[in-house]
Structure formats: C-alpha cells, structure tokens
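Here the structure comes first, spelled out in structure tokens, and everything after it is commentary.
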Amino acid sequence: MDRAVELSEFLKSRRARVRPEDVGLPYKGNGTRRVRGLRREELALAAGVSVSHYTRLEQGNGRNVSAEVLDAIADVLRLTGDERVYLHALARPAHRRHDVAQAPIRPGLQRVLDSLVLTPALVLGRHANVVAWNRAAAAVFADFAAIPEERRTIAHLIFLDEDVKRMHGEGWPRLAREHVAQLRVLAARHPQNEQIMEHIDGICRQNPEFGRLWHEHHVAAATHRDYVLDHPVVGELRLSAELVGLPGDPELQGMDLFAAEPGSESEDRLRRLIATTTRAASSRLP
C-alpha cells in the first residue's frame with residue numbers, strides 16, 4: 001500500500017459520499033453536475049482551507065499539513081472516529097525506526113488460553129494471523145494445528161475456507177467487510193510491517209471479493225462483535241466476541257475471546273461440543 005496513493009484514493013472515496021447540500025452549500029439538481037459528491041473546491045470552502053492546499057493533500061502530499069486542517073476536512077467528510085484516525089495516520093505517519101518482530105508466544109499467555117475451557121480464544125498477530133489458540137477455539141472454528149502457518153490467518157479462513165463461509169451463512173458478507181476494514185486499520189497502524197501488505201496482496205490475488213472490498217476503502221477497527229454460527233456438529237451457536245489488547249506484547253494485535261450467554265442453549269451446545277472434542281483428543285493419545 002503506497003501511502004500517498006492510499007491517501008489520495010481514500011479522500012476521493014469519502015468526498016464522493018458527501019453531497020453539497022449535506023454541508024450547507026447551495027445546489028440545484030439541473031443534471032449538469034458531473035462529479036459524484038463534493039467537488040474539491042466545495043470541500044475546501046466548507047473546511048475553510050485553500051483549494052490548492054486541499055488539492056495537494058488529495059494528490060497524496062500530506063507533508064506539513066496540520067492536525068487542525070485534517071480535522072476540519074474530516075468534519076466536512078463526516079468521517080467516523082476510525083476513519084478520522086486513519087486519515088491522520090496516512091497524512092501524518094508516526095516516525096518509527098522499526099517494527100517489532102513477532103516473538104514466540106509467551107508460555108504464560110498460552111497457559112491463560114488453555115485455562116479458558118468454555119471460552120474459545122485466539123491470539124492474533126499484526127496481520128490477523130492466528131499465532132495461538134485454545135481447544136475451544138479449535139472445536140468451534142478450525143483445526144488450526146493442521147493449517148500451514150502461512151495460511152493460518154483470519155482472512156484465509158473467511159475468504160478461502162468454504163466450511164467457514166458456510167458456518168457464518170447470512171452473516172458472512174458483514175464478517176468479510178468488517179475484516180477487510182480491520183486490515184486497513186492494521187496497515188495504517190504498522191506502516192513499517194511489509195508482511196501486512198504482502199498478506200493483503202496475496203488474498204487480493206486469490207479472492208476477487210476480497211479485492212472488491214479492499215477497494216471500497218472501508219475503515220473500522222474490530223472491537224466487539226456478535227456472531228450466529230451454524231456449526232456442523234452442534235447446530236446454531238450465538239457468540240459474542242471481544243478483541244482485547246495485550247499491551248505487554250506490542251508485536252501482537254490482541255486476544256480474541258468468544259462467549260455464549262450464560263444459561264443459554266448456545267452455552268449448552270458449546271459445552272457439549274468442547275466435551276466431545278476433548279474426548280476425541282483423549283482417545284487418540286497412546
């Protein structure tokens with residue numbers, strides 16, 4: 001992802017969403033307007049900046065642009081909180097000497113995972129690669145140990161695994177869009193991490209739907225989500241997910257935790273699923 005190109009395309013895509021009347025500018029729909037959304041000069045006028053200043057920014061030149069100007073433009077474009085952070089990251093990237101390399105997962109963190117018997121949990125790396133998991137997560141989502149490390153990512157599961165796609169059913173389009181939006185956040189957050197863009201380029205080549213979603217420039221950080229899964233073994237599972245940061249592990253994105261409502265049918269099914277897979281694993285031991 002060339003930062004200047006992405007800055008330019010992101011601003012154009014967001015400018016196309018806003019109409020002149022949305023920002024209090026007079027507009028008569030006489031059919032002669034050729035630009036979808038705001039023109040550059042209209043955006044500059046509404047934001048209180050010069051047209052030349054905004055034009056340089058939309059051409060990918062964020063050098064010397066102030067945070068105040070970016071905020072004024074973000075206000076006019078009606079950016080969400082995540083989109084606003086993304087704009088600042090593109091235009092005013094933090095100066096980092098290097099990106100922290102991913103280290104082997106700490107034994108203590110793995111013990112925490114393993115202790116969550118009824119809570120499927122994953123530890124995710126910088127490009128949402130699955131670096132650790134517990135037995136419950138393997139029972140619900142996939143046999144991660146059997147997946148080659150280079151394909152053990154959330155994007156591979158969502159876009160290239162038909163079993164996962166079937167399990168999410170009608171919720172798959174939302175899941176796919178949300179994950180692509182999260183990858184944009186990660187790419188801007190870690191500009192020195194080439195592995196993120198290599199990962200994104202690879203999925204784009206393998207799945208046209210991923211490429212289409214990527215070029216929509218949707219931006220949103222993953223935090224909490226709700227899923228309805230049609231699991232092939234136990235049927236419907238309703239799970240809530242929380243992505244928890246790990247401040248002591250800067251090379252990791254965080255820990256993704258999944259839980260069913262206490263006392264619900266989903267919790268009972270989750271309990272039965274984990275018990276079944278635990279017995280199956282025990283029977284294979286010598």
Side-chain angles (χ1 to χ4, degrees), residues 1-10 12-13 60 82-83 85-86 89-90 93-94 96 98-105 122-133 137-138 140-169 171-223 225 227 241 243 246 249-256:
M1 180 175 68
D2 182 278
R3 186 169 295 274
V5 172
E6 175 58 19
L7 174 60
S8 175
E9 292 182 353
F10 178 70
K12 289 176 183 176
S13 70
D82 289 334
E83 289 173 334
V85 171
Y86 187 68
L90 290 175
R96 296 173 179 169
H98 63 278
D99 204 17
V100 179
Q102 184 171 299
I105 186 170
L122 306 170
V123 173
L124 304 177
R126 286 285 174 80
H127 59 283
N129 49 313
V130 180
V131 299
W133 58 92
V140 172
F141 299 111
D143 183 2
F144 295 105
I147 302 174
E149 185 176 354
E150 67 275 10
R151 295 178 60 84
R152 200 185 297 151
T153 76
I154 300 301
H156 277 92
L157 289 172
I158 293 173
F159 291 95
L160 301 175
D161 190 315
E162 288 300 320
D163 291 335
V164 170
K165 187 173 184 178
R166 273 193 298 272
M167 187 164 62
H168 282 274
W172 185 87
R174 188 204 71 178
L175 171 71
R177 190 167 188 262
E178 287 177 348
H179 184 64
V180 174
Q182 170 69 0
L183 283 177
R184 276 201 176 277
V185 171
L186 295 176
R189 188 180 296 167
H190 308 293
Q192 304 303 321
N193 192 310
E194 296 179 0
Q195 194 174 16
I196 295 176
M197 287 315 303
E198 290 173 357
H199 169 66
I200 291 168
D201 289 342
I203 301 296
C204 275
R205 289 192 298 269
Q206 295 176 74
N207 187 278
E209 179 64 9
F210 181 95
R212 184 187 69 78
L213 290 171
W214 180 256
H215 288 98
E216 284 185 0
H217 299 276
H218 183 54
V219 179
T223 53
R225 297 91 66 213
Y227 297 122
L243 182 61
L246 299 169
D249 299 274
E251 75 278 12
L252 299 174
Q253 183 188 162
M255 182 185 295
D256 220 1

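Position 1 is the first residue of the sequence; numbering continues from there. Side chains included, hydrogens not; waters and symmetry mates left out as well; all remaining heavy atoms used.
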If you measure from [atom1] on [X] to [atom2] on [Y], what distance do you get to the nearest 0.5 Å?
X: Leu124; Y: Asn129; atom1: CG; atom2: CG; answer: 7.5 Å
X: Glu216; Y: Arg177; atom1: CD; atom2: CZ; answer: 5.5 Å
X: Asp2; Y: Glu9; atom1: CG; atom2: CD; answer: 9.0 Å
X: Lys165; Y: Met167; atom1: NZ; atom2: CE; answer: 14.0 Å
X: Leu183; Y: Ile200; atom1: CG; atom2: CD1; answer: 5.0 Å
X: His218; Y: Glu83; atom1: NE2; atom2: CD; answer: 7.5 Å

Which atoms form the tightest heavy-atom contact between [X] and [Y], and what is the distance?
X: Leu157; Y: Ala142; result: CD2-CB, 4.2 Å
X: Leu186; Y: Ala128; result: CD1-N, 4.2 Å
X: Ala241; Y: Tyr227; result: CB-CE1, 3.9 Å
X: Ile196; Y: Arg126; result: CD1-O, 3.9 Å
X: Val131; Y: Gly125; result: CG1-N, 4.2 Å
X: Cys204; Y: Gly211; result: SG-CA, 3.9 Å

Which residues pass the salt bridge (Lys or Arg N to Asp or Glu O under 4.0 Å) test with [X], not counting sequence neighbours?
X: Glu178; result: Arg174
X: Glu209; result: Arg212
X: Asp82; result: none

Set of residues satisfying side-chain contact (heavy atoms from CB on, under 4.5 Å) with respect to Val85, sequence neighbours excluded: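 With sequence neighbours excluded, Val85 shows a side-chain contact (heavy atoms from CB on, under 4.5 Å) to no residue whatsoever.
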With sequence neighbours excluded, what pairs up with Ala145 under the side-chain contact (heavy atoms from CB on, under 4.5 Å) test?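 Only Trp133, Asp143 meet the side-chain contact (heavy atoms from CB on, under 4.5 Å) criterion with Ala145.
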Can you list the residues that meet the side chain to side chain donor-acceptor pair (under 3.5 Å) rule with [X], with sequence neighbours excluded?
X: Asp163; result: Arg166
X: His199; result: none
X: Asn207; result: none
X: Glu198; result: none

Between Asp161 and Ile147, is there a side-chain heavy-atom distance shorter than 4.5 Å?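 Result no, sub-4.5 Å side-chain heavy-atom pair not found.
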Does the side chain of Leu213 come within less than 4.5 Å of His179's, by heavy atoms?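 Answer no - side chains too far apart.
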How would you list, by chain and number, every residue that makes a ring pair (Phe, Tyr, Trp, His ring centres under 6.0 Å) with His217, sequence neighbours excluded?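 Once residues adjacent in sequence are excluded, His217 has no partner under the ring pair (Phe, Tyr, Trp, His ring centres under 6.0 Å) criterion.
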Could you work out, with ring pair (Phe, Tyr, Trp, His ring centres under 6.0 Å) as the rule, every residue matching Phe159, not counting sequence neighbours?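 Phe159: ring pair (Phe, Tyr, Trp, His ring centres under 6.0 Å) contacts with Trp172, Phe210.
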Side chain [X], main chain [Y], donor-acceptor under 3.5 Å:
X: Arg184; Y: Val219; result: no
X: Ser8; Y: Val5; result: no
X: Asp249; Y: Glu251; result: no
X: Arg3; Y: Gly60; result: no

Carboxylate-amine/guanidinium proximity below 4.0 Å for Asp256 and Arg225: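 Judged by the 4.0 Å cut-off on N to carboxylate O distance, Asp256 and Arg225 do form a salt bridge.
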Go through Ile203 and Leu160 one step at a time and tell me if the side chain to side chain contact (heavy atoms under 4.5 Å, CB included) criterion holds. CA-CA 9 Å; Ile203 301 296; Leu160 301 175; 4.2 Å; yes
